[in-house]
Number of protein chains: 2
Amino acid sequence: MRQDGVGIDLETSLGYLLKETASALRSALEDVLRPLGMNVTHYACLELLAQRPGLSSSELARGAFVTRQTMHVLLQALERAGQVTRPAEAPTGRSLPVELTPDGRRLLEQASAAVRGVEVRMLSGLTTAEQAAASAALRAMVRSLRDGA
Amino acid sequence: MRQDGVGIDLETSLGYLLKETASALRSALEDVLRPLGMNVTHYACLELLAQRPGLSSSELARGAFVTRQTMHVLLQALERAGQVTRPAEAPTGRSLPVELTPDGRRLLEQASAAVRGVEVRMLSGLTTAEQAAASAALRAMVRSLRDGA
DNA sequence: TGCCTCATGTCAGCATTCTGACATACGCTG
DNA sequence: CAGCGTATGTCAGAATGCTGACATGAGGCA
């Protein structure tokens, strides 16, 4: 408990709790993805491509919450590893549509199963209604945070 | 929507939403802390010290969700900047109790006000009951994630 | 048409954080 | 008492992600 009324009580702060939860989730994901030679950003990139093939590097960056420069170097590595492909030149504008290769898709299937396991474990103590309420609350928070900026 | 049943639908995944919210919060915090010359970890360190003076470097690291090596270099910088102090040798064991200086406390007051503003904005669209529900859900998720590891 | 703004891809350099390693100090247990 | 496991502080090197910058292409508008 704080004596003064100025600071933020970390024990009850939703922001702090959010950071704690995200940190725990990240750790758990890294634990299950490491055996596959992947990290969280790598997995997010592949999962995004499975759902929306043809996304550009910049769009993938926004979806994985990193800068486009970071995604650029990741895509170079994934291209070398044969998990994704990009055309030599842009069909229109400057954006190069990225797609999964069969190898990338196979790797993603293993990763998805592992990630799904973590998510199931994370939600194991919550009812469906509680999950829906949490989801709605998080969406409202994102909206408020974005509006202000 | 996914065709196959193996992957994770990012539009509805609570894990993805959690990452998105944490990312938005982090961005918003960095925006208000940058004018003060601070980052999120720096702020978290000072806030922890205000609430629990005498915490060791390793304990601060756990509280700020970074490694103790990272906290170590941060504390060196903060010590040079005159925001925290540490005794030359440990009173017992190896752990050195860290404390805020008056300068550090003054800086923290400004940062706390800024951070509080962001948190208020983040929660502006939620009722008190909804906040409590979200808090309980996040706590349950942390517990489940930690248990499995 | 020419210009202005914006988004993208890409390169280079820097900052931050992590992993690995080692020595030291405490507490427990045989 | 001796040994073991654990936690801490610290150093060094490596990985990761970011900021800054530049050129290029698309679209809107005078």
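Chain letters run A, B, ... following the sequence lines, proteins first and then strands; every chain starts at 1.
The side chain of A/Thr41 places an N or O atom within less than 4.0 Å of a non-bridging phosphate oxygen (OP1 or OP2) of D/dG17. Side-chain nitrogen and oxygen atoms of A/Ser58 include at least one within less than 4.0 Å of the OP1 or OP2 phosphate oxygen of C/dG9. Side-chain N/O atoms of B/Arg26 include none lying less than 4.0 angstrom from OP1 or OP2 on D/dG17. Side-chain nitrogen and oxygen atoms of A/Thr67 include at least one within less than 4.0 Å of the OP1 or OP2 phosphate oxygen of D/dC18.
Taking only side-chain atoms of B/Arg94, from C-beta outward, the nucleotide of D/dT8, D/dT19, C/dG9 with the closest atom is D/dT8. For B/Leu96, whose side chain is taken as the heavy atoms from C-beta onward, the closest listed nucleotide among D/dG9, C/dT10, D/dT19 is D/dG9. Closest to the side chain of B/His72, from the set D/dT19, C/dT8, D/dC11, is D/dC11.
B/Gln76 comes within 4.0 angstrom of sugar-phosphate atoms only, judged by non-hydrogen atoms across all strands, and of no base. Residue contacts shown for B/Thr70 include a base, since a base heavy atom lies under 4.0 Å away. No engagement by A/Glu89 is indicated, since no non-hydrogen atom pair under 4.0 Å with the nucleic acid exists.
A donor-acceptor contact under 3.5 angstrom links the side chains of B/Ser56 and B/Glu59, judged on distance only. Judged by distance alone, the side chains of B/Glu47 and B/Tyr43 do bring a donor and an acceptor atom under 3.5 Å apart.
Here the shortest heavy-atom pairing between B/Ala61 and B/Arg68 reads CB-CA, 3.5 Å. Taking all atoms of both residues into account, the shortest heavy-atom contact from B/Ala134 to A/Met141 is CB-CE, 4.3 Å.
No N or O donor and acceptor, one from the side chain of B/Gln69 and one from the base of D/dG13, sit under 3.5 Å apart.
Remark: P of D/dG17 and CG of B/Asn39 are 17 Å apart, rounded to the nearest angstrom. B/Arg68 places its CZ atom 12 Å from the P atom of C/dC18, with the value rounded to the nearest Å. The interatomic distance linking A/Leu60 (CG) with C/dA7 (P) rounds to 17 Å, in whole Å. As rounded to whole Å, 13 Å separates atom C1' of D/dT8 from atom CG of B/Leu55. Between the CG atom of A/Leu75 and the P atom of C/dT10 there is a distance of 9 Å, rounded to whole Å. Note: CE (B/Met71) to P (D/dC11) measures 17 Å, nearest angstrom. Distance, B/Leu74 CG to C/dA15 C1': 13 Å, rounded to whole Å. For the pair A/Met38 CE and D/dA15 P, the interatomic distance rounds to 19 Å; values are reported in whole Å.
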Next item on the list: Show the numbers, then the answer: is there a side-chain hydrogen bond (donor to acceptor under 3.5 Å, both in side chains) between B/Glu20 and B/Ser23?
Entry: CA-CA 5 Å; B/Glu20 181 171 12; B/Ser23 170; over 6 Å; no

